[in-house]
J.: 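Okay, handing you the structure first.
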Amino acid sequence: MGSSLNLPIMKRHSVFSTAFATASLLLLSSCQDGGKKDGNVPENSPQVPAASVYPAIGTDAVQNAVLEKLDVGAVASFRDCTVPVGDASSPAYEADVVVNLVLADDVFAEQPAPAFLNDDRKAINVLANRAMTPESVYMLQVGAPEDLITEEQRKNCPLPENLATLCDELKQLAESPVYVAAGKKGDTVSLVAHVSGVYDEVSKKWNVTDVTLPEEKLAALRGLVPVTERKEGVRELTPEVQEELRTTLQGKVAAFSAAAEEYIRGREARARETWVAEQARREEQSLAAAAAAAELEAQRAAARKTCEEALTAGNVFNGEWRRGNRFGELSIQVDGAKLMDDAVQFYGKLYDTKLPVAKMDIEGRCSLSKSDQGYPIDITIYDGRYDPDQPTAEVFDSATGDGSLILHLTPEGKISGIMTCTSWKDTPEKNFTISFSRGSKEENPKNGKSSRNSRRR
């Protein structure tokens, strides 16, 4: 006798109690009739009605109703039904009917991947994830700071070609479907159907009103693959095949693990080299910044020294002015100076060298930031006395009072530039080109009491 699938089989109902009840009722009715004949029963005594007895539901009726709804495809065929006897005293029928089927061929269940390889699949995923670890993880492991890590380095790295090929082979082997034997030809498969029926008093027949089948189990049965319909290349999972799969997979896992470990060590080494190189670069950058800062401070110290020495109170600068083919002498006298954070502010006098008693008040600022020409000096001309016969009077006597000097101080102590008025911006040919050299303090002229002209603003 063939083996059967692990599907439940319901027990048959006992009909002993029903038969006993019917016999008792018949016996009681006979006794009551006999009493009347003997005259022992009073005329007004209550009468007990006889119980109805219904015939057993036919196996054919149930079987035909089940077959109308039964669909198992070509995997199995119907053999018979085990139909319980219902309650003979009730016109309603409710029972679980065992439906027996016979497998038409050897059948197999297709599995997407063998469950016994679950641990191996997990091992593959762990190794692949390690190999795809973001570059940032290795950088942090070797002590690199967060500010060195880019957003790109925080992303998972794709596997290199050799590891990607090995990983694909592993997944294909671990996830390839297999056939698992599910039954032999001739095996009995039992299903339980719930059947409902009602007795028709007119036709004196049972009518089956409902049949409920276990659709989930039927679907599983229909999903089985007959031996003649198995896919080419999908193997049956026998103990030998299982062992072969496990051995092959473990060998490939070991090969992948060795290649992955070598790759991971290489990534760790590169991260370490990157951080060492970055440390060297940062140290070099720090030293360069320190040297630049020292150089800048030295330049600032030199600038302060040059500008302070040049613009110390009592210093005089003598020189000449030129405009076209005309020229003359001009002097600057420093009366006071103050060192600021980035400049030297000063005040003093500007005058025609040959007429030292006629002087114009000036205020100036010398920047400590050196340009290609030297340290910029801006001087504003205010009130004072001047020689009206000199061309410089055009600046000193400007109606708008906008005379100024735009100069540069060289590290050697020489000053040069232009004397102009703001209103001359469209007529630069009117500017005076001037240059000064530092004179001795003994050359400072004393303020005279007389003048040839003066200007007030």
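Residues: numbered from 1 along the sequence shown.
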J.: For the atom pair OG1 (T247) and CD (Q242), what is the distance rounded to the nearest 0.5 Å?
T.: 10.5 Å
J.: Determine whether Y382 and I362 make a side-chain contact, defined as any pair of heavy atoms from C-beta on separated by less than 4.5 Å.
T.: no
J.: Using a strict 4.0 Å threshold on nitrogen-to-oxygen distance, state whether K155 and E152 make a salt bridge.
T.: yes
J.: Within this structure, what is the OG1-CD distance for the pair T312 and E308, rounded to the nearest 0.5 Å?
T.: 7.0 Å
J.: Can you name the closest pair of heavy atoms from V85 and A56 and give their distance?
T.: CG1-CB, 4.3 Å
J.: Enumerate donor-acceptor pairs with a distance under 3.5 Å from any side-chain N or O in residues 128-144 to protein atoms, sequence neighbours excluded.
T.:
residue	atom	partner	partner atom	Å
N129	ND2	N125	O	3.1
R130	NH1	E261	OE2	2.7
T133	OG1	N129	O	3.3
T133	OG1	R130	O	2.7
E135	OE1	R267	NH2	3.2
S136	OG	Q153	O	3.4
Y138	OH	R130	O	3.3

J.: With rounding to the nearest 0.5 Å, note down the distance linking CG in D335 to CD in E363.
T.: 11.0 Å
J.: Mind checking salt bridge (charged side-chain N to carboxylate O under 4.0 Å, His left out) for K204 and listing every partner two or more places apart, or none if nothing turns up?
T.: E201
J.: Can you give the donor-acceptor pairs under 3.5 Å from side chains of residues 162-178 to other protein atoms, not counting sequence neighbours?
T.:
residue	atom	partner	partner atom	Å
T165	OG1	E161	O	3.0
E169	OE1	K252	NZ	3.2
S176	OG	Q172	O	2.2

J.: With sequence neighbours excluded, what pairs up with R265 under the salt bridge (charged side-chain N to carboxylate O under 4.0 Å, His left out) test?
T.: none
J.: For residues 220-234, please give each side-chain donor-acceptor pair under 3.5 Å, one per line with the distance, not counting sequence neighbours.
T.:
residue	atom	partner	partner atom	Å
R222	NH1	D71	O	2.6
K231	NZ	E110	OE2	3.3

J.: Which atoms form the tightest heavy-atom contact between V241 and L237, and what is the distance?
T.: CG1-CD1, 4.2 Å
J.: May I ask you to decide if V334's main-chain N or O and N315's side chain share a donor-acceptor pair within less than 3.5 Å?
T.: no
J.: Show every side chain to side chain donor-acceptor pair (under 3.5 Å) that has at least one partner inside residues 55-65, sequence neighbours left out.
T.: none
J.: Within the 3.5 Å criterion, strictly below it, is a donor on D210 or T212 matched to an acceptor on the partner's side chain?
T.: yes
J.: Hey, can you pull the donor-acceptor pairs under 3.5 Å for the side chains in residues 337-348, sequence neighbours left out?
T.:
residue	atom	partner	partner atom	Å
D342	OD1	R365	NH2	3.4

J.: Going from CH2 on W275 to CD1 on I149, what distance comes out if it is rounded to the nearest 0.5 angstrom?
T.: 10.0 Å
J.: Kindly give the heavy-atom pair with the smallest separation between V208 and A65, and that separation in Å.
T.: CG1-CB, 3.6 Å
J.: Can you check whether L101 reaches L70 side chain to side chain, under 4.5 Å on heavy atoms?
T.: yes
J.: Is there any salt bridge (Lys or Arg N to Asp or Glu O under 4.0 Å) pair reaching into residues 240-250, and which pairs are they, with sequence neighbours excluded?
T.: R235-E244
J.: What I want to find out is whether R154 reaches E146 closely enough, with some N-O distance under 4.0 Å, to be called a salt bridge.
T.: yes
J.: When you compare the side chain of T410 with that of T306, does any pair of heavy atoms fall below 4.5 Å?
T.: no
J.: Under a 4.0 Å threshold between the charged nitrogen and the carboxylate oxygen, would D147 count as salt-bridged to R282?
T.: yes
J.: Examine the side chains of N100 and T188 and answer whether a donor and an acceptor come within less than 3.5 Å of each other.
T.: no
J.: Between S90 and D87, does any side-chain donor sit less than 3.5 Å from a side-chain acceptor?
T.: no
J.: Can you find a heavy atom in the side chain of F108 that is under 4.5 Å from one in the side chain of V180?
T.: no
J.: Does a side-chain heavy-atom distance below 4.5 Å link Y375 with C366?
T.: yes
J.: Test R281 against E278 for salt bridge (Lys or Arg N to Asp or Glu O under 4.0 Å), laying out the working first.
T.: CA-CA 5 Å; R281 188 192 69 80; E278 177 63 18; 2.7 Å; yes
J.: Do you know which two heavy atoms are closest between A74 and A104, and how far apart they sit?
T.: O-CB, 3.6 Å
J.: Please tell me if the side chains of S190 and V99 come closer than 4.5 Å, counting only heavy atoms from C-beta onward.
T.: no
J.: For the residue pair P376 and G374, what are the closest heavy atoms and their distance?
T.: CD-O, 3.5 Å
J.: Side chain of T209, backbone of S196: donor and acceptor closer than 3.5 Å?
T.: yes
J.: What verdict does the side chain to side chain contact (heavy atoms under 4.5 Å, CB included) test give for D96 and V195, after you've listed the backbone C-alpha separation in whole Å, the side-chain angles of each residue and the deciding distance to 0.1 Å?
T.: CA-CA 6 Å; D96 288 333; V195 178; over 6 Å; no
J.: Any donor and acceptor pair, going by atom type alone, linking the side chain of K69 with main-chain N or O of V211 inside 3.5 Å?
T.: yes
J.: What are the two closest heavy atoms between G403 and C421, and how far apart are they?
T.: CA-SG, 4.0 Å
J.: Could you walk me through whether L405 and L350 satisfy the side chain to side chain contact (heavy atoms under 4.5 Å, CB included) test, starting with their C-alpha distance in whole Å, then the side-chain angles of each, then the deciding distance to 0.1 Å, before giving a yes or no?
T.: CA-CA 10 Å; L405 288 85; L350 174 68; 3.7 Å; yes
J.: Let's go through I434 and I418 carefully: what are the C-alpha distance in whole Å and the side-chain angles of both, what is the deciding distance for side chain to side chain contact (heavy atoms under 4.5 Å, CB included) to 0.1 Å, and is it a yes or a no?
T.: CA-CA 5 Å; I434 55 177; I418 62 171; 5.6 Å; no
J.: With no hydrogens and no angle check, is any side-chain donor or acceptor of T427 less than 3.5 Å from a backbone partner on K430?
T.: no
J.: Any pair with a residue in residues 174-211 that passes ring pair (Phe, Tyr, Trp, His ring centres under 6.0 Å), sequence neighbours left out, goes on the list, sorted by first then second residue, please.
T.: Y54-Y199, Y199-W206
J.: Do the side chains of V97 and T82 get nearer than 4.5 Å, heavy atoms only?
T.: no
J.: Please examine the side chains of T420 and F432, heavy atoms only from C-beta on, and report whether any two atoms are closer than 4.5 Å.
T.: no
J.: For E68, give me all partners under salt bridge (charged side-chain N to carboxylate O under 4.0 Å, His left out), at least two apart in sequence or on another chain.
T.: none
J.: Which residues pass the salt bridge (charged side-chain N to carboxylate O under 4.0 Å, His left out) test with K185, not counting sequence neighbours?
T.: none
J.: Using 0.5 Å steps for rounding, measure from the SG atom of C81 to the CG atom of L67.
T.: 6.5 Å
J.: Can you tell me how far OG of S257 sits from CD of Q250, rounded to the nearest 0.5 angstrom?
T.: 12.5 Å
J.: Can you list every pair that meets salt bridge (Lys or Arg N to Asp or Glu O under 4.0 Å) and has a residue in residues 283-302, with sequence neighbours left out?
T.: E297-R304
J.: Taking atom types as modelled, is there a side-chain donor on R323 or T433 under 3.5 Å from an acceptor on the other?
T.: no
